[in-house]
Trainee: 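Dumping the structure here so I can ask a few things about it.
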Amino acid sequence: MTLPRLLVLSLGGTITMTPAAGGGIAPTLGAAELVAAVPGLDEVAQIEARSPFRLASSSLTLENIVAVAGDIRAAFAEDFDGAVVIQGTDTIEETAFILDLLVRDARPVVVVGAMRGPQQAGADGPANLLAAAIAAASEAARGLGTLVVLNDEIHAARFVRKAHTALTSAFVSENAGPLGLVAEGRARLFTRVAPLALPSLPLPEGELPPVALLKMTMGDDGRLLRAVPGLGCAGLVIEGMGAGHVPAAVAEIVGEVAAAIPVVLASRTLAGPAFERTYGYPGSEIDLIGRSVLPAGLLGGPKARLLLTFALAAGWERPAIAAALAAYA
Ligand code: DAS
């Protein structure tokens, strides 16, 4: 039997980290070494291993992930059956969301990492990589967009979030739960996500438009908010309190900023939708939407920022951006 062909790209992260001269651990291992260390992986897929980056995931850039999306698109043009992207867990949800936007293909793309380094007791990297490859090689995972696999759970890019700094069960999908799990060497899907109802996006070239993300907190006086357009930002995402609220004193500033650049309103609560038609006081979602702010649906701040970034890079105007956000509501 011919095994499925997988492209495995390693970008760095704890899963690749070994002791550094100055203390702590730092990225060193590449994809080939990681693949070689997983018992049974050679029975799952034929793997082409590449290591485009060896970075902590906090240092990956959007442009780095656009390049990864380009590599995966090229591999899919060459008849690979799936792709696995190995990286640090700190920004896995952002990488997965970008790949979900930019690689529109039924073949699975799975992003994976580890919460413990390869030399720590109970290292979870090998098990996570095996589960990711099983998912990426499976028929069952086709048509679900980009997935994140850790702790044997399969999450959809649009829902997944890192919710703990230490546990191997750090990844959650609060709005939906995981789509499935990998058990006994098989990807089992309990539920499926609908295909993204968004126009396809071209692979952007060059620098992406800068989009700011600001979290509202009690007593915020809006001074950072007011500065955003003058800093050269092409868009802004506000993580509002609760269902998407700001202090009354800040509402007018939000309106001034939204007159200059697109402003998206998400919730800092991390689950549930940004509201659109419930609260009517100054600084509420109804007030802010009346000041041209666009609600983020179920997207949290970081993912709303990515959608706005790639929409602006594609030249989308406000109605198209609003429709794209509504696809996540
Ligand atoms: N937190 C680390 C990890 O889980 C570091 C990183 O994200 O690169 O991989």
Side-chain angles (χ1 to χ4, degrees), residues 8-38 41 49-69 71-72 83-100 109-133 135-136 146-174 178 182 213 270 300-303 305-306 309:
V8 174
L9 297 170
S10 174
L11 318 186
T14 295
I15 191 168
T16 71
M17 292 190 192
T18 57
I25 57 175
T28 45
L29 304 176
E33 292 152 298
L34 297 177
V35 164
V38 180
L41 190 49
R50 299 185 207 154
S51 308
F53 307 108
R54 288 172 205 242
L55 294 169
S57 74
S58 46
S59 294
L60 288 168
T61 65
L62 304 192
E63 288 78 8
N64 292 156
I65 308 306
V66 170
V68 169
D71 289 347
I72 295 172
V84 174
V85 177
I86 300 168
Q87 73 151 76
T89 57
D90 293 358
T91 61
I92 270 190
E93 66 218 60
E94 285 160 275
T95 293
F97 190 80
I98 296 170
L99 296 178
D100 202 41
V109 177
V110 179
V111 192
V112 66
M115 295 297 292
R116 298 179 183 144
Q119 292 165 356
Q120 274 182 274
D124 52 334
N128 287 346
L129 182 49
L130 182 61
T146 299
L147 302 167
V148 169
V149 172
L150 268 99
N151 203 33
D152 289 334
E153 290 184 313
I154 303 170
H155 296 268
R158 70 190 75 167
F159 295 127
V160 71
R161 185 173 70 80
K162 185 174 182 179
H164 201 281
T165 56
L167 296 175
T168 52
S169 57
F171 283 81
V172 299
S173 292
E174 286 111 338
V182 177
L213 171 59
L270 306 175
K303 290 180 186 173
R305 172 179 169 267
L306 293 172
T309 302

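Just follow the structure's listing: the first ligand is 1, and inside any ligand the first atom is 1.
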Trainee: Which atoms from ligand 1 have a heavy atom of Ala56 less than 4.0 Å away?
Mentor: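 Those qualifying, in numeric order: 8 (O).
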Trainee: Please report which non-hydrogen protein atom sits nearest to atom 4 (O) of ligand 1, along with the residue it belongs to and the distance in Å to one decimal place.
Mentor: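 The closest one turns out to be Thr89 OG1, 2.3 Å.
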Trainee: Heavy-atom pairs closer than 4.0 Å: do any link ligand 1 to the side chain of Ala114, the backbone, both, or neither?
Mentor: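 For Ala114, only backbone atoms sit under 4.0 Å from ligand 1.
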Trainee: Counting N and O atoms only, with roles assigned by atom type, does the side chain of Thr28 sit under 3.5 Å from a partner on the main chain of Thr16, one being a donor and the other an acceptor?
Mentor: yes
Trainee: Kindly say whether Thr91 contributes a backbone atom to a donor-acceptor pair with the side chain of Ser57 at under 3.5 angstrom?
Mentor: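 Yes; at least one donor-acceptor contact below 3.5 Å.
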Trainee: Please collect all salt bridge (Lys or Arg N to Asp or Glu O under 4.0 Å) contacts where either partner lies in residues 147-165, sequence neighbours excluded, each pair once.
Mentor: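 Of all non-adjacent pairs touching residues 147-165, those that pass salt bridge (Lys or Arg N to Asp or Glu O under 4.0 Å) are Asp90-Lys162, Arg161-Glu174.
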Trainee: Check each atom of ligand 1 against the heavy atoms of Gly13 and keep those under 4.0 Å away; list them by number with element.
Mentor: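 Near Gly13, the atoms of ligand 1 are 8 (O), 9 (O).
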Trainee: How far is atom 1 (N) of ligand 1 from the closest protein heavy atom, and which atom is that?
Mentor: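 Its nearest protein heavy-atom neighbour is Asp90 OD1, 2.5 Å.
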Trainee: Rounded to the nearest 0.5 Å, how far does CG of Leu9 lie from CD of Gln87?
Mentor: 11.0 Å
Trainee: Short question: side chain of Thr146, backbone of Asp100 - any donor-acceptor pair under 3.5 Å?
Mentor: yes
Trainee: Would you tell me which option among Gly125, Pro27, Ser59, Ser57 has the nearest heavy-atom contact to atom 6 (C) of ligand 1?
Mentor: Ser57
Trainee: What I want to know is whether Gln87 and ligand 1 share at least one N or O pair that is separated by under 3.5 angstrom.
Mentor: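 Among all N and O atoms of Gln87, none is under 3.5 Å from an N or O of ligand 1.
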Trainee: Quick one: look up the protein heavy atom nearest atom 2 (C) of ligand 1 and list residue, atom name and how far away it is.
Mentor: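 Scanning the protein heavy atoms, the shortest distance from atom 2 (C) of ligand 1 goes to Thr14 OG1, 2.8 Å.
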Trainee: Between Val68 and Thr95, is the side-chain contact (heavy atoms from CB on, under 4.5 Å) condition met? List the steps.
Mentor: CA-CA 9 Å; Val68 169; Thr95 293; 5.8 Å; no
